[in-house]
Peer 1: 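Submitted below is the structure of interest, expressed as structure tokens.
Throughout, a chain's letter reflects where its sequence line sits, starting with A, and its residues are numbered from 1.
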Amino acid sequence: MTPAPVRSPDHLTLALPKGRILEDAIALLSQAGLPLSMPEKSRALRHEFPGVTILELRNQDVPTYVDLGVADAGIVGKDVLTESGRTVYEPVDLRFAACRLSLIREVGATGEITRVGTKYPRAARAYLHSRCITAETVKLSGNIELACLTGLADAVVDLVQTGGTLSANNLQEIEVLFHSTARLIVNRAALKVRAARLRPLIENLRALTAP
Amino acid sequence: MTGRCQGASRMPGVSSSAARPSIRPSARAGFIPEGTRDVLPPEWSQREALRARLRTCFSAWGYRGVEVPALEFASADHPQDALAFKLIDSGGEVLSLRSEFTTAVGRLVRSRFPQGPFPLRLQYGGRLWLRAMTSELGRLREFNQMGVELIGVQTAQSDAELLHLAAAALETAGVQAQLEVGYPGFVDAVLEDAGLSGEARAAVHDAIDRKSGPDVDLLAAQHGLSDTVRGTLHAVTDLYGGPEVLDAAQALAPGLRAQEAVAHMRRVAALYGGPLLFDLGVSRRYGYYTGLTFRAYSAGLNQPVLGGGRYDLHGGLPGAGFAVGLERLMQALAPVLPPEPEVVLALDLASARAARAQGLHAELAWTDDAAQLRAFSAARGIRRWVSDSPSGPSFTDLNSAQVTP
């Protein structure tokens, strides 16, 4: 690994999820005044800009990097943030990457829910607990809908964006656990130590995303 | 520990490690539990020097040292009960490993110093254990803290004393840090004035502590809060920065409790005199802290190096104090070793004594085999031997001795 270059004390390190959200995030952060541009397609995972370093991460890892202070701030979906259980500052709703976390069952399913497949076990357990449903959760990694269709689970808790996948697979949304959008998250110490850079960034992002 | 691991290690007749891919680390020689660590000589010296400096600093302010047991009776009332390691005593009683010092020192004060004299100034240092699921960067499961408690008084002067002492301790340690002051009771007063109670108040506390404007909006909608209240709650999440924050807080929250909190912070800040950061949106453990809370941030380390606040002991005795995390502080320090005396190899007891009298560290030769001694000296970084002679200790420089055999 190449060593990180020597940086000024007010250098910012930002954790961003790779993929589509990265483009939206970089566009928004540029509008908010950071000297960023979409990195060239390469295998680099760390992108250097004047006074800012971007770390390109799996979205589940963004809260970890920010909470532990390796990154000063980051952008991540509220769904992933809630599931991480990390206590970071989350001052701005960036209002993109909208989706909802929902309880989903096969159309017409009425039996008792005893097993729930999900990528979000923490959120699923909290929901089941709040509804007094005694069911076990099975942690899965992808194509969660299959758990319902194959009998692995009686229901799943998963993200819904448009609902297209659901109707194509004879599934229906029973209840929305919560709505999610991308959030700016900030390390608790970094907000204070690097206030001169982070406060204006927060103000600008609020102004840009105001409804 | 997964069920699969336990099952694998219980399988009879399976002993080769190749057949046990998920062998428990505890079964392998040389491993230590996750979240614990060994401290080796150069770092050990640095840590001990740091400990000595902090102890001396606390003592100079009149804080006398106490030690409390690492084994405690487990109690559901303990603030860290859910995270403490538990053990079963021979009589069946549940014990926990010490997970926090303030509670332990509070117990000691109640039983050993019921009459004070107050204010009682105590310092402590030692290990703590927390049973987290995993350990992480700077978050060990076995770690060291040193700290102070100022018990029996509850004045702006005593709050300011702790800020002064915290600054002195950080300076002694050689850490550049900024102190930040908060007041969880201020947030609670604002929420009380907004008519929030019960679970709703707890949820808004949590949202404000995370400075989550979006969650404040969500909760405001769920609990039917007015736009004015919602605006106030948003403003509270932004109440951090320099002294101007106190003016903003005073203008924002007209309630008596909130005004008193701000006035108290002004008194403490004036008595302290030095630069302070403020964050009036801090509300973590608002049910525990009864007054000021504070922490210290070191540039370049995105974790606080010191934290403390005012609380009530069981029985109502007021107390306040702070602790520094030794491992965190070491991270914030430049890895500079304290100057250490040269180590020499003494060929006999008399010369060793003489070398030590000169302030050197002397290791004793254990054999007459010069080749062995030379090999060891090279490996250990010893540059000089000392031996007794009629005229006193005589030093031999190994490098020059090898050049001229």
Side-chain angles (χ1 to χ4, degrees), chain A residues 4 6-13 15 63-74 77-78 81-82 84-95 122 130 139 178-196 198-200 202-203 205-206 209-211, chain B residues 2 132-139 176-182 199 205-219 221-222 234 236-242 244-245 276-279 281-285 294-307 328 331-332:
Chain A
V6 177
R7 288 162 179 164
S8 69
D10 67 347
H11 189 92
L12 275 190
T13 301
T64 311
Y65 272 72
V66 173
D67 185 27
L68 296 182
V70 175
D72 302 306
K78 177 69 175 172
L81 180 60
T82 303
S84 76
R86 301 269 175 184
T87 48
V88 292
Y89 291 137
E90 37 186 302
V92 190
D93 182 352
L94 301 174
R95 298 180 200 278
R122 188 190 290 256
S130 74
K139 169 88 166 76
F178 59 82
H179 290 269
S180 170
T181 43
R183 302 289 161 96
L184 176 77
I185 61 171
V186 184
N187 174 274
R188 293 172 85 92
L191 181 65
K192 314 305 174 57
V193 176
R194 304 193 202 313
L198 286 168
R199 261 195 119 131
I202 290 169
E203 295 303 330
L205 287 173
R206 276 184 187 151
T209 57
Chain B
T2 68
M133 288 298 282
T134 57
S135 65
E136 291 180 324
L137 202 64
R139 290 184 187 172
Q176 292 276 340
Q178 291 173 285
L179 280 173
E180 182 191 75
V181 176
E199 276 184 32
H205 261 296
D206 180 56
I208 288 180
D209 191 57
R210 288 180 288 113
K211 301 201 184 301
S212 178
D215 285 2
V216 165
D217 286 338
L218 197 65
L219 289 163
Q222 278 174 13
H234 270 282
V236 172
T237 68
D238 276 336
L239 283 179
Y240 62 96
E244 73 282 357
V245 165
L276 283 177
L277 295 174
F278 297 87
D279 186 346
V282 168
S283 88
R284 198 181 72 91
R285 297 181 74 186
F294 56 97
R295 60 226 126 249
Y297 302 115
S298 168
L301 185 71
N302 278 345
Q303 307 276 357
V305 290
L306 173 152
R328 285 271 176 82
Q331 281 186 308

Peer 1: I need the minimum non-hydrogen distance between Y89(A) and D209(B), along with the two atoms involved.
Peer 2: CE2-O, 3.3 Å
Peer 1: Might you point out which heavy atoms bring K192(A) and D279(B) nearest each other, and give the distance in Å?
Peer 2: NZ-OD2, 2.7 Å
Peer 1: Does a side-chain heavy-atom distance below 4.5 Å link V88(A) with R210(B)?
Peer 2: no
Peer 1: Shorter than 4.5 Å, heavy atoms on both sides: which option in I202(A), L191(A), V186(A) has the most such pairs with chain B?
Peer 2: L191(A)
Peer 1: Rounded to the nearest 0.5 Å, what's the gap from CG on N302(B) to OG1 on T13(A)? Could you check?
Peer 2: 8.5 Å
Peer 1: What heavy-atom pair brings Q303(B) and A189(A) nearest, and what distance separates the two atoms?
Peer 2: N-CB, 3.9 Å
Peer 1: Is any side-chain heavy atom of R284(B) less than 4.5 Å from a side-chain heavy atom of T87(A)?
Peer 2: no
Peer 1: Once you round to the nearest 0.5 Å, how far does CD1 of I185(A) lie from OG of S212(B)?
Peer 2: 11.5 Å
Peer 1: Could you pull out the closest heavy-atom pair between D238(B) and R199(A), with the gap in Å?
Peer 2: O-NH2, 2.8 Å
Peer 1: Looking at every non-hydrogen atom in both residues, tell me the closest pair between P91(A) and P214(B) and how far apart they are.
Peer 2: O-CD, 3.9 Å
Peer 1: If you round to the nearest 0.5 Å, how far is CZ of R295(B) from CZ of R188(A)?
Peer 2: 8.5 Å
Peer 1: Check the pair H179(A) / L218(B) against side-chain contact (heavy atoms from CB on, under 4.5 Å), numbers first and verdict last.
Peer 2: CA-CA 10 Å; H179(A) 290 269; L218(B) 197 65; over 6 Å; no
Peer 1: Is the CD atom of E244(B) crowded by more than 12 outside heavy atoms at less than 6.0 Å?
Peer 2: yes
